[in-house]
K.L.:
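Just dropping this structure here.
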Amino acid sequence: MLAVLVKALSFVLIIAGGYALKKVGFFKKEDFKVLSRIVLSITLPCAVVSNFNDVAIEGSMVILVVLGILGNLLLVAAGYLAARKNDPDDKAFRIQNTAGYNIGCFTMPFVQGFLGPIGVITACLFDAGNSMMCNGGTYAMASVAGGKTRARFSDFAKKMLSSVAFDAYCIMLILRLLNLRLPDAVITFTDIGAGANGFMAMLMIGVGFELSPERDKILRIISTLAIRFSLMGAAAAIAWFFAPFAEEIRQVLAMVCLSPVSSAAVAYTGKLDNDVGTAGVVNSLSIVISVICITALMLVRAA
């Protein structure tokens with residue numbers, strides 16, 4: 001438990017370090033876009049390839065991938081409904097920052113520490129569906145809602161396929177279903193990028209982080225987090241007690257439901273030309289809430 005808490009605290013400290021470095025002038029506000037491009041186009045795709053290359057997938061387990069997609073769609077719908085009477089920019093913001101789960105950089109250490117190999121495979125499969133959404137799919141929906149993309153399938157598909165991480169997940173999922181692996185030389189290369197992903201993602205969030213005293217932004221932050229965690233708290237309870245899976249899988253599903261908002265959400269908010277500072281606050285606070293929720297969940301499990 002202590003090791004997991006130290007790792008979670010380390011993520012928070014990296015975010016704080018990125019914010020502090022921006023305040024002293026080491027980073028400029030516009031550097032966020034450079035960092036987000038590095039994360040979305042290099043380190044995150046490397047993490048996808050490295051983590052998925054050795055995961056064994058049976059056909060029946062694809063339901064976990066579907067659950068990852070459905071979990072995101074539920075949050076996308078909730079975000080849209082919360083902003084249905086607001087301007088397009090707010091609709092896009094709510095969709096992009098309510099949905100998505102930070103599993104690879106945050107929840108996976110909890111799963112590895114407490115639930116073993118089956119837990120890791122379960123989390124990876126859920127994350128496959130999740131990543132198809134939060135690394136392209138949700139961005140495409142937010143772009144349509146924000147009036148930046150026409151509501152046509154061709155435009156929607158183009159937005160999704162423009163995400164390198166989305167493409168990587170689709171390719172790796174197909175390869176693993178066919179029981180094919182990439183050569184060790186390729187994985188040796190991607191392991192280097194994958195090792196940097198957690199640090200780069202948290203640093204990016206810190207550089208994009210802004211503390212805004214405006215009342216409307218504070219309300220946006222509180223309502224976005226309240227909608228997400230009230231829905232996902234209920235989903236975690238349903239998964240823990242009622243899901244038709246083995247106990248270990250049910251516990252993993254409960255944990256991933258309580259994951260923080262995907263770190264990629266801040267980068268995609270920037271691609272939408274939306275409020276990156278507020279997105280950074282939502283993302284950072286979601287990490288704090290998730291630390292508390294998942295730690296409590298593991299204490300209940302151990303009781």
K.L.:
Among the clusters formed by ILVMFWY side chains lying less than 4.5 Å apart, do Leu231 and Leu81 turn up in the same one?
P.N.:
no
K.L.:
Check Leu258 against Cys293 and note the closest heavy-atom contact, atom names and distance.
P.N.:
CD1-CB, 4.0 Å
K.L.:
Does Asn197 use its side chain to pair, donor to acceptor, with the backbone of Cys46 at less than 3.5 Å?
P.N.:
no
K.L.:
Quick one, Phe199 with Ile14, criterion side-chain contact (heavy atoms from CB on, under 4.5 Å). Give me CA distance, side-chain angles, the key distance, then yes/no.
P.N.:
CA-CA 7 Å; Phe199 179 86; Ile14 294 170; 3.6 Å; yes
K.L.:
Look at the side chain of Tyr101 and the backbone N and O of Gly71, then say whether any donor-acceptor pair between them is shorter than 3.5 Å.
P.N.:
yes
K.L.:
Under the side chain to side chain contact (heavy atoms under 4.5 Å, CB included) rule, collect the residues that match up with Ile174, sequence neighbours excluded.
P.N.:
Leu178
K.L.:
Mind checking whether Val252 and Phe126 have side chains closer than 4.5 Å, heavy atoms only?
P.N.:
no
K.L.:
Nearest heavy-atom pair of Ile227 and Ala78: which atoms, and what distance?
P.N.:
CG2-CB, 3.8 Å
K.L.:
Indicate if Phe189 and Leu175 have the same hydrophobic cluster label, given that clusters are the connected sets of ILVMFWY residues with side-chain heavy-atom separations under 4.5 angstrom.
P.N.:
no
K.L.:
Testing the basics here: between Lys91 and Ala83, what is the closest heavy-atom pair and its distance to 0.1 Å?
P.N.:
CG-O, 3.2 Å
K.L.:
May I ask you to test the Arg94-Ser223 pair for a side-chain heavy-atom distance under 4.5 Å?
P.N.:
yes
K.L.:
Roughly how far apart are Ser259 OG and Asn130 CG, rounded to 0.5 Å?
P.N.:
8.0 Å
K.L.:
Applying the 4.5 Å side-chain criterion to the ILVMFWY set and letting contacts propagate, would Val34 and Phe26 be lumped into a single cluster?
P.N.:
yes
K.L.:
Which pairs count as side chain to side chain donor-acceptor pair (under 3.5 Å) when at least one residue sits in residues 73-87, sequence neighbours excluded?
P.N.:
Asn86-Asp90
K.L.:
Does Thr98 reach the main-chain N or O of Ile95 with its side chain, forming a donor-acceptor pair under 3.5 Å?
P.N.:
no
K.L.:
Strictly distance-based, threshold 3.5 Å: is any side-chain N or O of Ser143 a donor or acceptor partner for the main-chain N or O of Ala140?
P.N.:
no
K.L.:
Distance from Ile221 atom CD1 to Ser286 atom OG, nearest 0.5 Å?
P.N.:
11.5 Å
K.L.:
If you take all heavy atoms of Ala168 and Val49, which pair is closest and at what distance?
P.N.:
CB-CG2, 4.5 Å
K.L.:
Which residues satisfy the ring pair (Phe, Tyr, Trp, His ring centres under 6.0 Å) test with Phe32, sequence neighbours excluded?
P.N.:
none
K.L.:
Ignoring hydrogens and geometry, is there a side-chain-to-backbone donor-acceptor pair from Ser290 to Ile287 under 3.5 Å?
P.N.:
no
K.L.:
Kindly give the heavy-atom pair with the smallest separation between Ala254 and Ala239, and that separation in Å.
P.N.:
N-CB, 4.0 Å
K.L.:
In Å, rounded to the nearest 0.5 Å, how long is the span from OG1 of Thr122 to CZ of Arg250?
P.N.:
12.0 Å
K.L.:
Could you state the interatomic distance from CG (Leu285) to CZ (Phe229), rounded to the nearest 0.5 Å?
P.N.:
9.5 Å
K.L.:
Assess whether side-chain contact (heavy atoms from CB on, under 4.5 Å) is satisfied between Leu253 and Leu67, documenting all intermediate values.
P.N.:
CA-CA 9 Å; Leu253 289 176; Leu67 288 177; 4.3 Å; yes
K.L.:
For residues 120-143, which residue pairs pass the salt bridge (Lys or Arg N to Asp or Glu O under 4.0 Å) check, not counting sequence neighbours?
P.N.:
none
K.L.:
If every non-hydrogen atom of Pro45 is compared with every non-hydrogen atom of Val164, which pair is closest and at what distance?
P.N.:
CG-CG1, 3.6 Å
K.L.:
Roughly how far, to the nearest 0.5 Å, is the CZ atom of Arg176 from the CD1 atom of Ile171?
P.N.:
14.5 Å
K.L.:
Just verifying a value: how many Å separate Lys271 NZ and Gln96 CD, rounded to the nearest 0.5 Å?
P.N.:
10.0 Å
K.L.:
Of Asp275, Leu225, Asn97, Val282, which is the lone residue that meets side chain to side chain contact (heavy atoms under 4.5 Å, CB included) with Arg220?
P.N.:
Asp275
K.L.:
State whether the side chain of Lys22 and the backbone N or O of Val207 hold a donor-acceptor pair below 3.5 Å, judged by distance alone.
P.N.:
yes
K.L.:
Looking only at the side chains, is there a donor atom on one of Asn274 and Thr269 sitting less than 3.5 Å from an acceptor on the other?
P.N.:
no
K.L.:
Should Asp89 and Leu272 be marked as a side-chain contact (heavy atoms from CB on, under 4.5 Å) after you check the CA-CA gap, both sets of side-chain angles, and the distance that decides it?
P.N.:
CA-CA 9 Å; Asp89 276 349; Leu272 290 165; over 6 Å; no
K.L.:
Could you work out, with side chain to side chain contact (heavy atoms under 4.5 Å, CB included) as the rule, every residue matching Ser284, not counting sequence neighbours?
P.N.:
Ile15, Ile205, Phe209
K.L.:
Do the side chains of Leu75 and Leu70 join up, straight or via other hydrophobic residues, at under 4.5 Å, putting them in one cluster?
P.N.:
yes
K.L.:
Same hydrophobic cluster for Ile192 and Val39, using side-chain heavy-atom links shorter than 4.5 Å among ILVMFWY?
P.N.:
no
K.L.:
Can you tell me which residue pairs pass the ring pair (Phe, Tyr, Trp, His ring centres under 6.0 Å) test with a partner in residues 238-282, sequence neighbours excluded?
P.N.:
Tyr139-Tyr268
K.L.:
Could you go through the side-chain hydrogen bond (donor to acceptor under 3.5 Å, both in side chains) check for Ser50 and Thr190 one step at a time?
P.N.:
CA-CA 6 Å; Ser50 291; Thr190 58; 2.7 Å; yes
K.L.:
Check whether any side-chain heavy atom of Leu182 lies under 4.5 Å from a side-chain heavy atom of Met172, and answer yes or no.
P.N.:
yes
K.L.:
Just by modelled atom types, is the Gly100 backbone N or O under 3.5 Å from a matching donor or acceptor in the Arg228 side chain?
P.N.:
yes
